[in-house]
Asks: 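So that we are looking at the same thing, I have put the structure below in structure tokens.
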Amino acid sequence: MFKAAGLGLSWLLPLALAALLSGCGKPTGMDAAPLVLKGVDLSGANYARELALPDQDGRMRSLAEFKGKVLVLFFGYTQCPEVCPTTMAELAQVKKSLGPQGDSVQGIFVTLDPERDTPEILKRYVANFDPTFVALHGTPAQTQAAAKEFKVYYAKVPGKTAGSYTLDHTAASFVFDKQGRVRVFERYGADPQDVAADLKALINE
């Protein structure tokens with residue numbers, strides 16, 4: 001009798017152990033594997049955390065209200081000859097390439113040239129790329145504060161005629177996950193397929 005009882009216990013022990021380990025899908029305290037991102041991984045960055053500016057319709061917008069979507073934010077200006085329109089056009093195309101998942105992507109354009117980029121100009125500008133894109137416009141002081149928070153460089157470069165100028169500025173997009181945390185720095189000129197891969201990974205995270 002004793003021998004039979006011992007055999008029964010030795011048979012049940014592996015099953016009990018297996019049930020314990022598989023009960024929650026993974027051992028307690030273990031984190032999911034981190035995403036492998038194509039752009040520069042900014043996860044855990046201590047900047048690019050806050051932004052509050054009026055949009056092209058005069059409504060105050062903040063990063064927090066876009067939670068639930070993957071946010072792609074770009075600083076530029078409407079008279080930018082190449083970098084800004086190329087970036088916005090590529091973002092619109094990437095969003096379209098994602099099919100139904102593209103509805104989870106929100107593009108935001110923040111002007112670094114509030115003196116010339118009026119809300120009316122910004123409204124027409126972003127609508128040329130995607131009707132869902134939002135443009136943000138602040139005072140010069142608000143613009144400076146926003147650029148500082150995101151570590152974005154910009155400076156006026158005098159033009160050939162009196163009073164004319166262009167802007168040198170950081171040429172990259174900041175990507176936020178659905179919890180509103182900055183996650184990726186996408187440099188200008190990045191392969192659109194790589195950008196699409198990053199956005200899809202964050203949508204499915």
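When reading the values below, keep in mind they use all heavy atoms of this one structure, side chains included, and skip hydrogens, waters and symmetry mates. Note that the coordinates shown come from a computational prediction; the quantities given were computed from them, not determined experimentally.
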Asks: What is the distance from atom CD of Q93 to atom CG of L98, rounded to the nearest 0.5 Å?
Replies: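 CG of L98 is found 10.0 Å from CD of Q93.
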Asks: With distance as the sole criterion, is a donor-acceptor pair present between the side chains of D113 and Y154 under 3.5 Å?
Replies: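 Result is no, nothing qualifies.
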Asks: Determine yes or no for a side-chain-to-main-chain donor-acceptor pair under 3.5 angstrom, with K38 supplying the side chain and V195 the backbone.
Replies: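 Not a single qualifying donor-acceptor pair exists.
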Asks: CG of D55 to CE of M60: how many Å apart, nearest 0.5 Å?
Replies: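 The CG atom of D55 sits 9.5 Å away from the CE atom of M60.
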Asks: Counting only N and O atoms by type, is there a donor-acceptor contact under 3.5 Å from the side chain of E90 to the main-chain atoms of G189?
Replies: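 Answer holds: no.
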Asks: When rounded to the nearest 0.5 angstrom, what distance separates OG1 in T87 from CZ in F129?
Replies: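 Atom-to-atom, T87:OG1 and F129:CZ are 9.0 Å apart.
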Asks: Could you give the distance from CG (L112) to NZ (K156), rounded to the nearest 0.5 Å?
Replies: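 It comes to 11.5 Å.
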Asks: Look at the side-chain heavy atoms of Ile, Leu, Val, Met, Phe, Trp and Tyr, link any pair under 4.5 Å apart, and say whether V40 and V152 land in one connected group.
Replies: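 V40 and V152: one cluster.
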Asks: Just by modelled atom types, is the G76 backbone N or O under 3.5 Å from a matching donor or acceptor in the H169 side chain?
Replies: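 No.
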Asks: Can T111 and T143 be said to form a side-chain contact (heavy atoms from CB on, under 4.5 Å), step by step?
Replies: CA-CA 8 Å; T111 182; T143 302; 5.5 Å; no
Asks: How long is the gap from CG on L71 to CD1 on I108, to the nearest 0.5 Å?
Replies: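 That separation rounds to 4.5 Å.
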Asks: Would the distance check show the side chain of Q56 and the main-chain N or O of A135 forming a donor-acceptor pair, the cut-off being under 3.5 Å?
Replies: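 At least one qualifying donor-acceptor pair exists.
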Asks: Count the heavy atoms belonging to other residues, nucleotides or ligands that lie under 6.0 Å from CD of E149, then report whether that count exceeds 12.
Replies: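 Yes - once you tally the heavy atoms of other residues, nucleotides and ligands closer than 6.0 Å, there are more than 12.
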Asks: Are any of the side-chain heavy atoms of Q142 and L53 separated by less than 4.5 Å?
Replies: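 When only atoms from C-beta onward are counted, L53 and Q142 do touch, with a gap below 4.5 Å.
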Asks: Of all the heavy-atom pairs spanning V83 and F74, show the shortest one and how long it is.
Replies: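 That closest heavy-atom pairing would be CG1-CZ, 4.1 Å.
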Asks: Please say yes or no: joined through hydrophobic side-chain contacts below 4.5 Å, possibly via intermediate residues, are V110 and I121 part of one cluster?
Replies: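 Unlinked, V110 and I121 end up in two clusters.
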Asks: Less than 4.5 Å apart, any side-chain heavy atom of L63 and any of F176?
Replies: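 When only atoms from C-beta onward are counted, F176 and L63 do touch, with a gap below 4.5 Å.
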Asks: Heavy atoms, side chains only, cut-off 4.5 Å: are V105 and V94 in contact?
Replies: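 No - every pair of side-chain heavy atoms lies 4.5 Å or more apart.
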Asks: Going by the angle between their ring planes, with limits at 30° and 60°, are F109 and Y125 parallel, tilted or perpendicular?
Replies: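 Ring orientation of F109 relative to Y125: tilted.
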Asks: Do the side chain of Y47 and the main chain of K151 share a donor and acceptor less than 3.5 angstrom apart?
Replies: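 Checking the backbone N and O of K151 against the side chain of Y47, no donor-acceptor pair under 3.5 Å is found.
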Asks: Would you check if V157 and Y165 make a side-chain contact, meaning some heavy-atom pair closer than 4.5 Å?
Replies: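 V157 vs Y165: side chains apart.
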Asks: Can you confirm whether or not the ring centre of F75 sits under 6.0 Å from the ring centre of F150?
Replies: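 Yes - the distance between ring centres of F75 and F150 falls below the 6.0 Å cut-off.
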Asks: Within this structure, what is the CG-CD distance for the pair L42 and E186, rounded to the nearest 0.5 Å?
Replies: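 CD of E186 is found 9.5 Å from CG of L42.
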Asks: Sub-3.5 Å donor-acceptor pair from the side chain of T170 to the main-chain atoms of Y153, do we have one?
Replies: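 Yes; judged by distance alone, with no hydrogens or angles, the pair exists.
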Asks: Does a side-chain heavy-atom distance below 4.5 Å link S43 with R183?
Replies: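 Touching, per the 4.5 Å side-chain cut-off.
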Asks: Using only atom types and a distance under 3.5 Å, with no angle test, would you say the side chain of D117 pairs donor to acceptor with the backbone of T78?
Replies: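 At least one qualifying donor-acceptor pair exists.
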Asks: Flag the pair V72 / K95 as yes when at least one side-chain heavy-atom distance between them is below 4.5 Å, and no otherwise.
Replies: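 Heavy-atom side-chain distance check fails, nothing below 4.5 Å.
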Asks: For R116, I'd like to know if atom CZ has over 12 heavy atoms of other residues, nucleotides or ligands within 6.0 Å.
Replies: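 More than 12 heavy atoms, drawn from other residues, nucleotides or ligands, come within 6.0 Å of this atom.
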Asks: Side-chain heavy atoms under 4.5 angstrom apart, residues restricted to Ile, Leu, Val, Met, Phe, Trp, Tyr: same cluster for V175 and F66?
Replies: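 Different clusters.
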Asks: Please examine the side chains of E205 and K178, heavy atoms only from C-beta on, and report whether any two atoms are closer than 4.5 Å.
Replies: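 Side-chain contact under 4.5 Å: no.
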Asks: I need the minimum non-hydrogen distance between A196 and S97, along with the two atoms involved.
Replies: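 Looking at all heavy atoms of both residues, the closest pair is CB-OG, 4.3 Å.
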Asks: In this structure, are over 12 heavy atoms from other groups packed under 6.0 Å from E65 atom CD?
Replies: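 Counting neighbours around CD of E65, more than 12 heavy atoms of other residues, nucleotides or ligands fall under 6.0 Å, so yes.
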Asks: Hey, do the aromatic rings of F185 and F174 have their centres closer than 6.0 Å?
Replies: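 Yes, ring centres under 6.0 Å apart.
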Asks: Would you name the heavy atoms of P54 and G138 that are closest together and state the gap between them?
Replies: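 Smallest interatomic distance, heavy atoms only, reads CD-CA, 4.5 Å.
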Asks: Check the pair R181, D177 against salt bridge (Lys or Arg N to Asp or Glu O under 4.0 Å), reporting the backbone distance first and the verdict last.
Replies: CA-CA 5 Å; R181 302 170 300 194; D177 63 21; 2.9 Å; yes
Asks: Between L91 and G107, what is the shortest heavy-atom contact and its length?
Replies: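 Heavy-atom minimum between the residues: CD2-CA, 3.9 Å.
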Asks: With a 4.5 Å limit on heavy-atom distance, are the side chains of Q79 and T166 in contact?
Replies: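 They are not in contact (no side-chain heavy atoms under 4.5 Å apart), so the answer is no.
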